[in-house]
S.K.: 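Let me give you the structure first, and then I'll get to my questions.
Here is how names work: the chains are called A, B, and so on, in the same order as the sequence lines, proteins then strands, and each is numbered from 1.
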Amino acid sequence: MPLGMRLVTWNINSLRLRLPVLEKLDATLAPDIICLQETKVPDPLFPADALRNMGFEHLHYKGMKSYNGVAILSRHPITPLEKLPDWHGKEDCRHIGAQVHLPSGPVELHDFYVPAGGDIPDPETNPKFAHKLAFVEEVTEWFTTRKRDRTVLVGDFNIAPLEHDVWSHKQLLNVVSHTPPETERLNAWLNVGFVDAMRHFVPASEKLYTWWSYRNRDWKKSNRGRRLDHVWITPDLVPDLTGMTVVREARDWDTPSDHVPVIVDFSL
DNA sequence: ATGGTCGAAGATCGA
């Protein structure tokens, strides 16, 4: 195994349907650890053998029928984090975590799939939006009391916090994913003690997206993207950052997800 | 302002 850790986060939108493109990602970009969201597969049907054959010997996953689901695929040994909170009283498979045992020492890794929040940005009339806001608040509170070093948070946070994380700040201010109640809460979570590893490499003044809707005739031409997927790290890991890649070409792979993989490289 | 397209289901629901 080469020196350094290559970490990927990807909302794959059905793991079983997209095993072929996952193999393509693995073959072309050789990640050491992949965190997936929206696997949409119950645990008994999880394709563990196929993933082990790809070289990911260490697996941790939590899925359910039809919706949600998260998974960590690793070439390094991992110890799953037990007894993580049951956010918002729901057992809906939106968070798993693990200690990753790297040659340089353990790193704590969290994989999140934050609720999308429905269409109407009003917690009074839209319970999905209320759930989303509450989820972020609960997670924020939880991390304030947890150790905050050698920790990495990744996932589909379903919020694009910065002006240039969306194609039109003005037109999306009242669209779920970019409303002030969401972006304020995401910033509060970040400010518990994390660093935005993607923006470490790309200044806030530059557009940066990880998701393009299926509902555009030509995603590349219209380019109405949003940065919904994130990699956050504790400040002690910043000196170990060596690179970041948004795998845009994956949006054109055969039967693509609407999200593309995000790679972060570490000298760990 | 609207609708557009996916995936898992096996009708719609969630995104």
S.K.: Hey, does the side chain of A/Arg18 reach the backbone of A/Thr255 with a donor-acceptor pair shorter than 3.5 angstrom?
M.R.: yes

S.K.: Can you pull every protein N or O that's under 3.5 Å from an N or O on nucleotides 12-15 of chain B?
M.R.:
unit_1, atom_1, unit_2, atom_2, d
B/dG14, OP2, A/Lys128, NZ, 3.3
B/dA15, N6, A/Arg215, NH2, 2.7
B/dA15, N1, A/Arg215, NH2, 2.9

S.K.: When the distance from CE of A/Met64 to P of B/dA9 is rounded to whole Å, what number comes out?
M.R.: 11 Å

S.K.: Using the P atom as the point on both nucleotides, what is the distance between B/dG3 and B/dG7, in whole Å?
M.R.: 22 Å

S.K.: Kindly write out the residues that satisfy ring pair (Phe, Tyr, Trp, His ring centres under 6.0 Å) with A/His200, not counting sequence neighbours, or none if the list is empty.
M.R.: none

S.K.: Starting at CG of A/Asp218 and ending at P of B/dT5, how long is that distance when rounded to a whole Å?
M.R.: 14 Å

S.K.: Can you check the A/Trp211 CH2 to B/dT5 C1' distance for me, whole Å?
M.R.: 11 Å

S.K.: Can you measure A/Arg251 atom CZ to B/dT5 atom C1' for me and round it to whole angstrom units?
M.R.: 9 Å

S.K.: Return the set of residues passing salt bridge (Lys or Arg N to Asp or Glu O under 4.0 Å) with A/Asp26 (not counting sequence neighbours), or none when no residue passes.
M.R.: A/Arg75

S.K.: Would you say A/Arg16 reaches B/dG7's phosphate, i.e. side-chain N/O to OP1/OP2 under 4.0 Å?
M.R.: no

S.K.: Without decimals, in angstroms, what is the distance between A/Asn216 CG and B/dC6 P?
M.R.: 11 Å

S.K.: Roughly how many Å apart are B/dA9 and B/dC13, using the P atom of each and rounding to a whole number?
M.R.: 16 Å

S.K.: Determine the Euclidean distance between corresponding C1' atoms of B/dA15 and B/dG4; express it in Å to zero decimal places.
M.R.: 13 Å

S.K.: Need one value for A/Arg224: base, sugar-phosphate or nothing, where a base atom within 4.0 Å counts as base even if backbone is also close, heavy atoms only.
M.R.: nothing

S.K.: When you compare B/dG10 with B/dT5, how far apart are their P atoms, in angstrom units rounded to a whole number?
M.R.: 24 Å

S.K.: Can a cation-pi geometry be assigned to A/Arg224 and A/Trp167, taking NZ or CZ under 6.0 Å from the six-membered ring centre and within 45° of the ring axis?
M.R.: yes

S.K.: With sequence neighbours left out, what residues match A/Trp142 under ring pair (Phe, Tyr, Trp, His ring centres under 6.0 Å)?
M.R.: A/Trp87, A/His110

S.K.: Do any pairs count as a ring-ring contact (aromatic ring centres under 6.0 Å, His included) and have a residue in residues 13-50 of chain A, sequence neighbours left out, and if so which ones?
M.R.: A/Phe46-A/Tyr61

S.K.: Among all residues two or more places apart in sequence or in another chain, which pass the ring pair (Phe, Tyr, Trp, His ring centres under 6.0 Å) test with A/His131?
M.R.: A/His88

